[in-house]
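One structure is given below, encoded as structure tokens.
Every chain is numbered from 1, with letters handed out A, B, ... down the list of sequences.
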Protein chains: 2
Amino acid sequence: MTAGITVDLSDPVPPYEQIRRQLSSLISVGLLEPGSRLPTVRSLAADLGIAAGTVARAYKELEQQGLIESRRRNGTIVVGPPQAPDGTVRADAAVISAVDGLIRTARDARVSDETLIDLLRGRLASKLDS
Amino acid sequence: MTAGITVDLSDPVPPYEQIRRQLSSLISVGLLEPGSRLPTVRSLAADLGIAAGTVARAYKELEQQGLIESRRRNGTIVVGPPQAPDGTVRADAAVISAVDGLIRTARDARVSDETLIDLLRGRLASKLDS
DNA sequence: TCTTTTGTATCAAACTACTGATACAAAGCT
DNA sequence: AGCTTTGTATCAGTAGTTTGATACAAAAGA
């Protein structure tokens with residue numbers, strides 16, 4: 001499954017950006033812990049059925065973002081989430097279970113996945129303040 | 001403000017898709033009620049500083065999606081949320097409150113908005129089955 | 001009927017992105 | 001040292017998107 005990364009070629013969002021986003025969220029949320037090794041650009045590209053350069057671009061941007069780090073022969077490892085300055089432990093188990101609960105609720109209500117994402121985006125935009 | 005629509009040219013997501021998403025979420029969430037008139041393609045394009053054809057494409061896709069409808073001279077109006085087939089009244093109250101709860105949880109955990117969307121997208125993709 | 005407004009369609013040019021291939025650079029392993 | 005793995009870089013070809021312009025179609029209003 002290569003960490004559950006997926007790419008939708010019919011999505012207007014370019015593949016390298018889809019990969020970058022998914023890895024970014026996995027790291028930020030703690031599902032990929034610091035020290036974890038990411039799949040090699042070639043193997044991930046092969047699994048996804050895309051070109052290696054596309055995966056390489058996603059990795060490059062993630063490295064510039066400070067989320068991952070490239071040792072040459074050692075592959076690419078997770079450095080850590082951008083936040084989590086001290087002992088906050090990035091305790092996002094609650095967030096993950098809330099997301100899963102939302103997915104269940106949405107599917108019970110026959111709300112499509114895309115609509116659900118749009119809905120979340122809309123609610124976020126209307127709550128700029130805390 | 002033209003309904004608060006914004007476009008970020010530095011975003012890898014193409015502008016027509018940014019517009020489509022924002023309008024889709026505004027409609028799905030009820031902030032644009034059925035019957036509302038959208039700005040004309042020319043005026044919205046002018047306000048955003050982009051070409052009319054780009055806005056037209058967003059409108060076209062929204063119409064194919066069933067969210068809006070084009071009267072020729074009357075402009076473009078909101079038809080309604082995609083679901084709500086019969087009397088279900090688009091009963092997404094549960095979904096909306098679940099979304100709001102998720103947002104609260106995420107912000108308590110200091111998870112950024114973009115990360116939250118990425119996380120939801122990742123969890124949806126990894127749950128193709130029910 | 002004529003004019004105006006609005007959505008739709010088309011076109012070529014420019015730009016970006018993805019691909020597939022190839023080559024190179026770094027670093028661990030034998 | 002030599003080999004292998006891995007990330008990085010480059011290239012030409014293809015495809016998708018935006019732009020700016022233009023033209024057309026439909027429909028309301030004078």
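Separating the NZ atom of B/K60 from the C1' atom of D/dT18 is a distance of 15 Å, rounded to the nearest angstrom. The separation between A/D8 atom CG and C/dC18 atom C1' is 15 Å, rounded to whole Å. A straight line from CD of A/E17 to P of C/dT16 spans 16 Å, rounded to a whole angstrom. Between the CD1 atom of B/I68 and the C1' atom of C/dT6 there is a distance of 13 Å, rounded to whole Å. Regarding A/R72, its CZ atom lies at a distance of 12 Å from the P atom of C/dG28, rounded to whole Å. Here D/dA15 presents its P atom at 18 Å from CD1 of A/I50, a figure rounded to the nearest Å. As rounded to whole Å, 18 Å separates atom P of C/dT5 from atom OH of B/Y59. Between B/Q64 atom CD and C/dA9 atom C1' the separation is 14 Å, expressed in whole Å.
For A/P14, the side-chain atoms get nearest to C/dA17 when compared with the rest of D/dT19, C/dA17, C/dG7.
For B/Y16, a side-chain nitrogen or oxygen approaches OP1 or OP2 of D/dT17 to under 4.0 Å. Contact between the side-chain N/O atoms of A/S70 and the OP1/OP2 oxygens of D/dT6 is not found at any separation under 4.0 Å. Listed pair A/T76 / D/dG7 meets the phosphate criterion, a side-chain N or O lying under 4.0 Å from OP1 or OP2. Within the structure, every side-chain polar atom (N or O) of B/R73 is placed at least 4.0 Å from both OP1 and OP2 of C/dG7.
Here the side chains of A/T54 and A/V7 are not in contact, with every heavy-atom distance at 4.5 Å or above.
Counting any heavy atom pair closer than 4.0 Å across all strands shown, B/R57 reaches sugar-phosphate atoms only and no base atom. If you check every strand for non-hydrogen atoms under 4.0 Å, A/E63 touches sugar and phosphate atoms only. Counting any heavy atom pair closer than 4.0 Å across all strands shown, A/E69 reaches no nucleic acid atom. Within 4.0 Å of B/P12, counting heavy atoms only, lies no atom of the nucleic acid at all.
Residue B/R71 places no side-chain atom within donor-acceptor reach of the base of C/dG7, judged by atom type and a 3.5 Å distance cut-off alone.
The two residues A/G75 and A/R37 come nearest to each other via the heavy atoms CA-NH2, 4.1 Å.
For the atom pair NZ (B/K60) and CD (B/Q65), the distance works out to 14.0 Å, reported to the nearest 0.5 Å.
The closest side-chain donor-acceptor pair between B/D118 and A/S24, if any, does not fall under 3.5 angstrom.
Look at B/D113 and A/R121 and you find no salt bridge, because none of the NZ, NE, NH1 or NH2 atoms lies under 4.0 Å from a carboxylate O.
Across the interface with DNA chain C, nearest-nucleotide mapping of B/A56 and A/T54 shows B/A56 to be the residue nearer the 5′ end.
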